[in-house]
Asker: 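Take a look at the following structure, please.
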Amino acid sequence: MPASPSLATTIRTHTCGALRAADAGAEVRLGGWVHRKRDLGELVFVDLRDRTGLIQISFDPRFTSSETVSLAATLGPESVVLVEGEVVARPTEMRNHELPTGDVEVRAKSLKIVGPSVAPAIPVARVRGEPLPAEELRLRHRYLDLRRPELQENIILRHRLMQTSRKFLSDRGFLEVETPILTKPTPEGARDYLVPSRVHASEFYALPQSPQLYKQLLMVAGFDRYFQIARCFRDEDLRVDRQPEFTQIDIEASFIDQDDIVALTEGLIAALWGEAGLEVPASFRRMSYADAMERYGSDRPDLRYELEIFDASDVFRDTEFTIARAAIAQGGRVRGIRVPGGSGLSRKQLDELEASAKSAGAGGLVRLKRTNGQLEGPAAKFLHDGAATQLALGEGDLALLVAGPNHVSSPALDRVRQDVGRRLALVKEDVRSFLWVTDFPLFERDPGTGRLAAVHHPFTAPHPADVAKLDSAPETVRARAYDVVLNGTELGGGSIRISDPALQSRIFSLLGIDEATASARFGFLLEGLRAGAPPHGGIAFGFDRIAMQLAGAASLRDVIAFPKTTAARALFEGAPSAVPREDLKELHIRIEEPGT
RNA sequence: GGAGCCGUAGCUCAGUUUGGUUAGAGCACUCGACUGUCACUCGAGAGGUCGCGGGUUCGAGCCCCGUCGGCUCCGCCA
């Protein structure tokens, strides 16, 4: 990180956190918030805080007027004051080793209260070990919560990550271009946030779910390399790592292929993690989607621990174990994981694992453990003598198995795998496991309607080798799409786009979007592609999630200055809110009373 | 849309299991004492719509129903 600039102004000469032993003897003027006060009668200490840290101010009648000491004694927490005084070294035994400024203090000569404060609704300076105030209060009094050094650090880190992204991309010829916030509604994907048009009755803008089409058109326009720290909006229910408005590092480039995006992205991630003082591998492991699903049951596997899924169908094929036989007869399999030393898990723990497998859709969880050379478990009696060897179970190992089609066993085993990894502390917490997942399927079939839907989005290019199968076997067509995953969390994803208008039309038609609809929704993209489009592709990162990872935060709310609640409310300013009837009338909107 | 947890003083919590006198503690706040503290200490005081509404009961913070708010998860998030 470059040296910090001076934050000195006409009002202050230093910041609170900046003072060191070398400053002893300096006359300084400081401004800040009263963090804590210790009033010993004729001697008063104040910890003064700004975003750079804390410094102790002493008010001593030997060095200032008794009026000033009395004024200091009246200070309430969170008042803003200006202090003039001299930096003095503290006697050795009075140094505070917990503070970077703890070798010195400022001996105040004058004190001015410039921003008196009422008693804060939630404490900023907290009692050690006391839990944080309720999240509701933290959000309602956000200006106080944001004063806490922990949150300040998060927001400052976020700033640095943003600047790092800009510099990294700008240095590589990427141009930062803004795209509209008032844009066109899209029926695909997430629900849109709509904005009514005053000028055009009964018509609406939508806030962008991502700048996807605009960035492709910028490639058509010849800008060649684009990026944006883009705000995106999706009206879906929230999670601890999901906010209705969020920020993406959005990237697109021309005359590139997947490997170019991969190399660029690995560099960007190295720069971002480096900004947080962390190292990342020079290049990341890659795994196909098919491999990831087969071996880990997930398209974003956490590879900090093994517990790889294996196929145990052969062991059960000719047995009387009905559940397994039925699954195999219907084209399914018996798959599972081996848990080394897992025979020590208690009945209760195994029941809990089964419950989580069931909650992920499995019918049950078959347990087999090997003790004293023998297989034990409810299903053991169906198995022949060599089964333990065939399952490759060592002494004291446990196998956890799910029978059924892949779309049942994969998510169930993913859950079981994660639970086991956590319970047995198999997760190597100090490892950062980056992974590229590639060759996603282009389409998936909606189980309800049987219609094809785009896995990524409808502008994703099919794998050239699979184009011939578009009509005959569309579900087997691979996409030129890629996700980057860290420790089981998706950091970002992207694809090479379709640049051939004829192919784009064909994909629309496979997705059941007829020509008129395609033209109405995406006409501007199709026209653009017909106007001479370079091969192009890109990627987008969830910037908030990256900040959350690097800040070590437990919630996205802790890296966003003004986040929304789980119910998508802003408690601080009180959004959303009702509006005057006249405003609605101007927008040609009439509210249907609830319940009518 | 569904499930779970939580809601008592400004803040963090006890009290709810088994309904019963005047609902407690620490911190913060107010007043007083204190010249080297750094979570200062000591003394005194003030502070309550037990989220809200309804019900059961002689009696409800505690039991029942509803509702609001916060959090976590499922669905949803091309």
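The model shown is predicted, which means the values in this text are computed figures rather than measured ones. In what follows, every heavy atom counts, from backbone to side chain, and hydrogens, waters and symmetry copies are set aside. A, B, ... follow the sequence lines: proteins, then strands. Residue 1 opens every chain.
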Asker: If I compare all heavy atoms of A:P244 with all of A:K564, which pair ends up nearest, and what's the gap?
Answerer: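 Reported closest heavy-atom pair: CG-CG, 3.9 Å.
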Asker: Looking at every non-hydrogen atom in both residues, tell me the closest pair between A:R545 and A:L556 and how far apart they are.
Answerer: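 For A:R545 and A:L556, the tightest heavy-atom pair comes out as N-CD1, 3.8 Å.
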Asker: Roughly how many Å apart are B:C64 and B:G47, using the C1' atom of each and rounding to a whole number?
Answerer: 33 Å
Asker: In terms of side-chain geometry, is the basic nitrogen of A:R148 or A:E153 positioned less than 4.0 Å from the acidic oxygen of its partner?
Answerer: no
Asker: Separation of A:D47 atom CG from B:C40 atom C1', in whole Å?
Answerer: 11 Å
Asker: Sticking with atom C1', work out how far B:G19 lies from B:G55, rounded to a whole angstrom.
Answerer: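 B:G19 and B:G55 have their C1' atoms separated by 15 Å.
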Asker: Classify A:D235 by what it touches in the nucleic acid, base, sugar-phosphate, or nothing, heavy-atom distance under 4.0 Å.
Answerer: nothing
Asker: Around A:R51, counting heavy atoms of other residues, nucleotides and ligands shown, do more than 12 lie under 6.0 Å from its CZ?
Answerer: no
Asker: Rounded to whole Å, please give me the gap between NE2 in A:H141 and P in B:C11.
Answerer: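 So the two atoms are 7 Å apart, to the nearest Å.
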Asker: I'd like the C1' distance from B:C29 over to B:C62, given in whole Å.
Answerer: 30 Å
Asker: B:C11 C1' sits how many Å from A:E78 CD, rounded?
Answerer: 13 Å
Asker: Write down the partner of B:G4 under the Watson-Crick or G-U wobble criteria, each distance required to be under 3.5 Å.
Answerer: B:C71
Asker: So which of residues 80-99 of chain A are in contact with RNA chain B, with a heavy-atom cut-off of under 4.0 Å?
Answerer: A:R90, A:M94, A:N96
Asker: In whole Å, what separates the C1' atom of B:G15 from that of B:G26?
Answerer: 15 Å
Asker: Expressed as a whole number of Å, how far does the P atom of B:U37 sit from that of B:U41?
Answerer: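 Pairwise P distance, B:U37 against B:U41, rounds to 12 Å.
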Asker: Report yes if at least one side-chain N or O of A:R38 is closer than 4.0 Å to OP1 or OP2 of B:C40; otherwise report no.
Answerer: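 Yes.
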Asker: If I pick the C1' atom on B:U16 and the same atom on B:G1, what distance separates them, to the nearest angstrom?
Answerer: 32 Å
Asker: State whether A:D302 and A:R422 are salt-bridged, where the test is any N-O pair (Lys NZ or Arg NE/NH1/NH2 against Asp/Glu carboxylate O) under 4.0 Å.
Answerer: no
Asker: Going by atom types only, do A:E150 and A:N154 share a side-chain donor-acceptor pair under 3.5 Å?
Answerer: no
Asker: Give me the distance, rounded to whole Å, that separates B:U56 from B:G70 when you measure between the C1' atoms they each carry.
Answerer: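 Nearest-Å result for B:U56 against B:G70 at atom C1': 29 Å.
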Asker: Determine the Euclidean distance between corresponding C1' atoms of B:G61 and B:G48; express it in Å to zero decimal places.
Answerer: 11 Å
Asker: For nucleotides 68-78 of chain B, read 5' to 3', which letter fits each nucleotide if B means a protein heavy atom sits under 4.0 Å from the base, S means only the sugar-phosphate is that close, and - means neither?
Answerer: -SSSSSBBBBB
Asker: When you measure from every atom of RNA chain B, which of residues 121-132 of chain A have a heavy atom less than 4.0 Å away?
Answerer: A:A121, A:P123, A:V127, A:R128, A:E130, A:P131, A:L132
Asker: In this structure, how many angstroms lie between the P atom of B:A39 and the CG atom of A:D39, rounded?
Answerer: 16 Å
Asker: Using a strict cut-off of less than 4.0 Å between a Lys/Arg side-chain nitrogen and an Asp/Glu carboxylate oxygen, indicate whether A:D483 and A:R300 qualify as a salt bridge.
Answerer: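 Salt bridge flag = no for A:R300 with A:D483.
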Asker: With sugar-phosphate meaning primed atoms plus P, OP1 and OP2, does A:E105 contact a base, only sugar-phosphate, or nothing at under 4.0 Å between heavy atoms?
Answerer: base
Asker: Please give the nucleotide sitting opposite B:G32 as a Watson-Crick or G-U wobble pair, both distances under 3.5 Å, or none.
Answerer: B:C42
Asker: Which residue, A:L75 or A:R62, contacts RNA chain B at a nucleotide closer to its 5' end, judged by nearest heavy atom?
Answerer: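 Closer to the 5' end of RNA chain B: A:L75.
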Asker: What is the distance from CG of A:L40 to P of B:C42, rounded to the nearest Å?
Answerer: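 It works out to 13 Å between those atoms.
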Asker: Rounding to a whole Å, what distance do you find between A:E42:CD and B:U37:C1'?
Answerer: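 That distance rounds to 15 Å.
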Asker: What's the closest nucleotide to the A:L137 side chain, out of B:G36, B:U35, B:U12?
Answerer: B:U12
Asker: Any chance the side chains of A:T517 and A:D514 put a donor and an acceptor closer than 3.5 Å?
Answerer: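 Result is yes, a qualifying pair exists.
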Asker: With rounding to the nearest 0.5 Å, note down the distance linking CD in A:E136 to NE2 in A:H141.
Answerer: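 The NE2 atom of A:H141 is 9.0 Å from CD of A:E136, to the nearest 0.5 Å.
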Asker: Which of these passes ring-ring contact (aromatic ring centres under 6.0 Å, His included) with A:Y289: A:Y296, A:Y482, A:F440, A:W436?
Answerer: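 That would be A:F440; it is the only one of A:Y296, A:Y482, A:F440, A:W436 passing the ring-ring contact (aromatic ring centres under 6.0 Å, His included) with A:Y289.
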Asker: Within 45 degrees of the ring normal and closer than 6.0 Å to the centroid, is that where the cationic atom of A:R107 sits relative to A:F63?
Answerer: yes
Asker: Mind checking who B:U12 pairs with, Watson-Crick or G-U wobble, both distances under 3.5 Å?
Answerer: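 Pairing partner, where one exists within any strand: B:A25.
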Asker: Kindly determine whether A:R234 and A:F246 satisfy side-chain contact (heavy atoms from CB on, under 4.5 Å), including the steps that lead there.
Answerer: CA-CA 9 Å; A:R234 294 181 190 171; A:F246 60 99; 3.7 Å; yes
Asker: Would A:E236 and A:R242 satisfy salt bridge (charged side-chain N to carboxylate O under 4.0 Å, His left out), going step by step from the backbone distance to the final call?
Answerer: CA-CA 9 Å; A:E236 297 295 346; A:R242 242 161 57 189; over 6 Å; no
